[in-house]
Structures are given as structure tokens and as C-alpha cells.
Amino acid sequence: MIYFQILLDTMIMVVLCYALAGQPLHPSKKVLIWFLCFHGLCLLFRYQNSTTHSLIPGFEINNYDLLPVNNPILLFMLFLGVLILNSSLIRPISEMKAVVVTFLSFLIWILFRTFSIAATGLVLDQGAALFPYAHRVVTLCLALALYYVLIMKRGNSFLGNYSGVFTKIMLVQSTLVVLAIVIYANFETAFVTQNLLFILIVFSLVISMNLWIIYEQNKRSRQEKRVSAIEQYLPVIDELVSEVRARQHEFHNKLLAIHSIVETAPTLPEARSQIATYTKDVMMQTEVREILQLDSKVIGGFLYTKMKIAELKKITITPHIHALFGPMKTEEHQLVEVLGVLIDNALEASYPGDEIMISVTQDQKQPFTEIIVMNPHPPKSSLELMQMFTKGFTTKSQAHGARGYGLYNVKQIVLQQKGKIITRNTEIEGVPYLSIGVQLP
């Protein structure tokens with residue numbers, strides 16, 4: 001039965017690590033390797049040369065309720081092993097995030113295990129044969145509940161990337177404090193039951209403090225992204241407005257010239273010809289009018305920047321925007337990220353002379369805004385369209401670094417906002433177009 005305890009411990013840790021890393025658990029080679037390696041470590045650390053106090057020869061049974069180890073040296077080795085597994089098998093994850101996820105996994109493990117031991121102790125006697133299995137099952141249920149919230153319900157956006165030095169320091173310090181309490185208790189379950197009120201107060205403070213720090217850090221991060229987007233794209237649209245205003249005097253003179261042409265031209269065709277000559281250089285492009293009429297200056301400046309980049313490649317971007325961005329629940333910086341990925345992908349797949357069309361419409365039946373980017377492209381199969389949003393999938397060269405995360409990031413934003421991804425093959429005036437877009441609230 002020792003093996004069953006270790007099996008439950010392994011399941012708990014793998015669920016916690018993947019949930020806190022924001023990675024879904026799928027039957028895969030890496031997940032299996034992670035599982036087997038951790039299971040092997042627990043078996044190795046629990047094996048003793050002495051058979052004292054053992055139900056199964058060679059395996060120790062004392063002081064393994066709080067953690068899969070029962071002394072500080074083995075705890076350090078186990079922590080190091082989990083860190084190596086997280087950094088090498090959970091991808092994509094930065095080295096710093098792997099460290100934070102490892103610390104946080106041990107912290108949540110101990111918190112869940114402590115509450116499980118306390119709850120199970122209300123029902124079963126601590127000396128009962130089923131006690132070590134019952135509290136492990138309760139801990140596994142709590143870990144699965146956390147996984148459901150963070151992965152299935154997309155609550156991992158609350159955690160973000162554990163950005164901020166202060167957040168990382170506080171998470172590490174909190175874990176070290178909790179581990180120090182466990183070491184001070186000599187890994188004994190009796191310490192939990194005898195000092196339950198003290199432990200509940202300390203752990204509740206630790207949880208509340210860390211949740212508040214993470215929330216505030218993510219809130220600040222979102223604000224910084226919004227300010228960055230404003231600083232980057234607001235001057236672009238302001239410059240465009242200033243340029244239009246500066247040409248108002250020229251427009252006025254042209255209107256006077258048009259009036260004179262109408263008055264003096266001998267025939268209507270000649271009047272049309274002269275008017276066309278005068279106005280061809282000052283007619284405002286339809287695309288620019290669309291940009292100036294947007295209710296979001298940040299998105300307007302962003303689109304105008306992309307149009308200028310496309311112009312250098314001799315590609316035309318034509319926006320058809322028939323919705324307001326202001327009432328949308330999705331934040332501006334997220335809309336800029338979504339539009340940026342879709343437009344960049346369309347530009348990379350287009351050639352000089354192509355036209356990229358951007359359509360933004362409001363769904364009258366549902367509170368969703370549909371954003372579609374279309375570019376000329378041969379039809380794709382349903383499987384190819386699905387693969388485009390897979391993490392790391394790309395048809396481009398990876399010589400300049402990792403590729404294939406743009407559309408995957410779009411998918412994460414859409415899932416976070418409970419929106420929908422749109423992919424279809426369309427045809428406009430006999431030309432095949434690839435349409436990729438989103439529906440966002």
C-alpha cells in the first residue's frame with residue numbers, strides 16, 4: 001500500500017505543477033516522463049536500508065504525510081528534482097517561471113495537505129489505517145479543483161507570468177516560511193493537529209498576501225500595457241489629424257477652383273476633366289477616412305501604422321469598420337495584440353499588389369464584435385486551419401528564432417475572454433481568400 005500512497009503523491013504534484021504553469025495535461029511523452037521521474041524519486045527517497053517501523057521491508061512509513069520526504073536534505077533534493085523536471089519538460093516556460101512554479105507548487109501542496117489532514121482528522125482517527133490514504137485523496141481533489149479553475153476555466157490569466165521581481169520574491173519567501181514550519185515540526189502530522197489554529201492563521205495570511213500581490217501585480221501589468229499602447233499609437237493618429245487640418249486651406253482653395261471651373265467650363269465633360277485634375281491629389285483615401293472615424297485613437301493609430309508598413313511592401317490594407325471598440329469588454333492592448341498577429345500573418349502571406357481586407361462588425365444578436373482579416377491565399381483544409389492555432393506550429397523558417405506562437409497567443413486571449421475563433425475559405429470576385437478572425441465581447 002506504500003506504493004499507492006506514493007502514486008497519489010505523484011498525481012498531486014504533477015497536477016499542481018502543470019496547473020500553476022498554465023499548461024493543460026494531455027497524454028504525452030513529456031507528461032509520462034515527468035510522472036515516472038517524480039514517482040521514482042519518491043520511491044528512492046522513501047527506501048531505507050533499515051526495516052524498522054516498516055510494513056513493507058525496505059520502505060519507511062513514518063513522517064510522510066506532509067511531504068513525500070521526511071528530512072531537510074531529501075526535501076532539498078526533491079525540490080531540485082521537481083525544478084529540473086519543470087524546466088526541462090514543461091514547455092514553453094522560462095527558467096525563472098520554472099523556479100517560481102516549483103516554489104509555488106510546494107507551497108500549495110503543503111497548504112492543501114495541511115487542510116486535508118485537518119479535515120480528515122475530524123472524520124477518522126489519526127492512527128486509522130485509512131487515514132494516510134484518505135487525506136491524500138482529499139488533497140488530490142483540491143489539486144484537481146485548482147486545475148479546473150486555472151486550466152479548464154481559464155483562471156490562469158489571474159496568475160499571468162508571475163511577472164515582477166517583488167511578486168517572485170514574496171512567493172519564494174512564503175514557500176520558505178512554510179517549509180521552515182514543516183521542518184521545525186519534524187515532518188510530523190501530529191504537529192498539524194496539535195497546532196491547528198496557529199497553522200490555519202499563518203497559512204491563511206500567507207495565501208491572502210500572495211493572492212493580493214499577484215492580483216495587484218497583474219493589474220499593474222495590464223495598466224502598463226495600456227499606457228504603452230497609448231504612448232506608441234496615439235501620436236500617430238494625432239499626427240494624421242494635424243496633417244488633415246493643415247491641408248484645410250488647400251481644400252478651401254480647391255473648392256473655389258472647382259466653383260470657377262463649373263462656372264466657366266464650356267461643356268460638362270470638360271468640367272469633369274478639369275475637376276478630376278484638381279481633386280486627384282487632395283482626395284482623401286477611403287482607408288484614411290475609416291481610420292479617422294474610429295472611436296479608439298490607439299487602434300486607429302495602430303492600423304494606420306500597419307497600413308504604412310504594407311504600403312512599403314506595395315500591399316494595400318483596406319479596413320471596413322462598422323462597429324465601436326469603446327463598448328467592448330476586451331482591453332485595447334489585447335485588441336491591438338490580436339489585430340497585430342492577424343495583420344502580420346496576412347502581410348507575410350501576401351505579395352506586392354495584393355489587397356488585405358479588415359472587417360469589424362457588431363453581432364446584433366449577441367454581445368460580440370467580429371474582427372476578420374482576409375488575404376489572398378489558396379484554400380486550406382479544415383485540419384490545416386485547426387493546426388494554425390497550435391502552439392509552435394509554423395510554416396515559416398525558424399532560423400531567426402522560435403516561431404508559431406502568434407496565433408496561439410490569439411487563441412489564449414479568445415479563450416480568456418470566452419470568445420470564438422473564426423477560420424474559413426472565401427472567394428471575392430473569383431480570387432480565393434483566407435479569412436482568419438475572432439469574436440470578442
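For the single chain, residues carry numbers from 1 onward in sequence order. Given the structure is predicted, the values throughout are model-derived calculations rather than measurements.
- Within 6.0 Å of CG on L312 lie more than 12 heavy atoms contributed by other residues, nucleotides or ligands.
- Test T318, T316, N375 against E355 for side-chain hydrogen bond (donor to acceptor under 3.5 Å, both in side chains) and you get one pass: T318.
- Although no hydrogens or angles enter the test, the distance criterion places no donor-acceptor pair under 3.5 Å between the side chain of D344 and the main chain of V341.
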I would like to know whether F115 and T139 meet side chain to side chain contact (heavy atoms under 4.5 Å, CB included); could you show each step before the answer? CA-CA 8 Å; F115 289 124; T139 306; over 6 Å; no

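- Defined by atom type and a distance below 3.5 Å, a donor-acceptor pair is missing between the side-chain atoms of T120 and H135.
- At least one side-chain heavy atom of F106 sits less than 4.5 Å from a side-chain heavy atom of L67.
- The shortest distance between side-chain heavy atoms of L16 and L104 does not fall below 4.5 Å.
- Minimum interatomic distance between G81 and L41 (heavy atoms only, all atoms of both residues): CA-CD1, 4.1 Å.
- Few gaps surround CG on L80; more than 12 heavy atoms of other groups in view lie less than 6.0 Å from it.
- Within the structure, salt bridge (charged side-chain N to carboxylate O under 4.0 Å, His left out) pairs that include any residue of residues 72-82 do not occur (at least two apart or interchain).
- In this structure, C42 SG and M13 CE are separated by 8.0 Å, a value rounded to the nearest 0.5 Å.
- Looking at L335 and I371, their side chains come closer than 4.5 Å, going by heavy atoms from C-beta outward.
- Atom CE of M11 has 12 or fewer neighbouring heavy atoms from other residues, nucleotides or ligands inside a 6.0 Å radius.
- Using modelled atom types, one side-chain atom of Y147 and one backbone atom of L25 make a donor-acceptor pair closer than 3.5 Å.
- Put simply, the side chain of E384 gets close to the backbone of S381: a donor and an acceptor are under 3.5 Å apart.
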List the steps, then state whether side chain to side chain donor-acceptor pair (under 3.5 Å) holds for R424 with S435. CA-CA 5 Å; R424 65 172 74 101; S435 300; 5.0 Å; no

Using side chain to side chain contact (heavy atoms under 4.5 Å, CB included), reason through M388 and I436 one step at a time and then give a plain yes or no. CA-CA 10 Å; M388 290 171 62; I436 303 177; 2.9 Å; yes

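- The backbone N or O of F368 lies less than 3.5 Å from a partner atom in the side chain of Q362, making a donor-acceptor pair.
- Looking at heavy atoms from C-beta onward, P378 lies out of side-chain contact with P432 at the 4.5 angstrom threshold.
- Contact of the F45 side chain with the M77 side chain is registered, since non-hydrogen atoms from C-beta on lie closer than 4.5 Å.
- Remark: the backbone N or O of L434 is not paired with any side-chain donor or acceptor of N425 at under 3.5 angstrom.
- Screening V360, L440, T330 against T369 for a side chain to side chain contact (heavy atoms under 4.5 Å, CB included) leaves a single residue, V360.
- Sorted by first then second residue, the salt bridge (charged side-chain N to carboxylate O under 4.0 Å, His left out) pairs that include residues 123-142, not counting sequence neighbours, are D9-R136, D65-R136.
- Contact check for V31 versus L89: no side-chain heavy atoms found under the 4.5 Å cut-off.
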Checking F302 against S296 for the side chain to side chain contact (heavy atoms under 4.5 Å, CB included) test, could you report, in this order, the C-alpha distance in whole Å, the side-chain angles of both residues, the deciding distance, and whether it holds? CA-CA 10 Å; F302 168 78; S296 170; over 6 Å; no

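- Looking only at side-chain heavy atoms (C-beta outward), E337 and I413 come within less than 4.5 Å of each other.
- The backbone N or O of L66 sits less than 3.5 Å from a side-chain atom of W109, completing a donor-acceptor pair.
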Starting from the C-alpha separation in whole Å, work towards a yes-or-no answer on side chain to side chain contact (heavy atoms under 4.5 Å, CB included) for F131 and I117. CA-CA 8 Å; F131 184 81; I117 290 173; 3.9 Å; yes

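- Contact check for Q5 versus Y133: side-chain heavy atoms found under the 4.5 Å cut-off.
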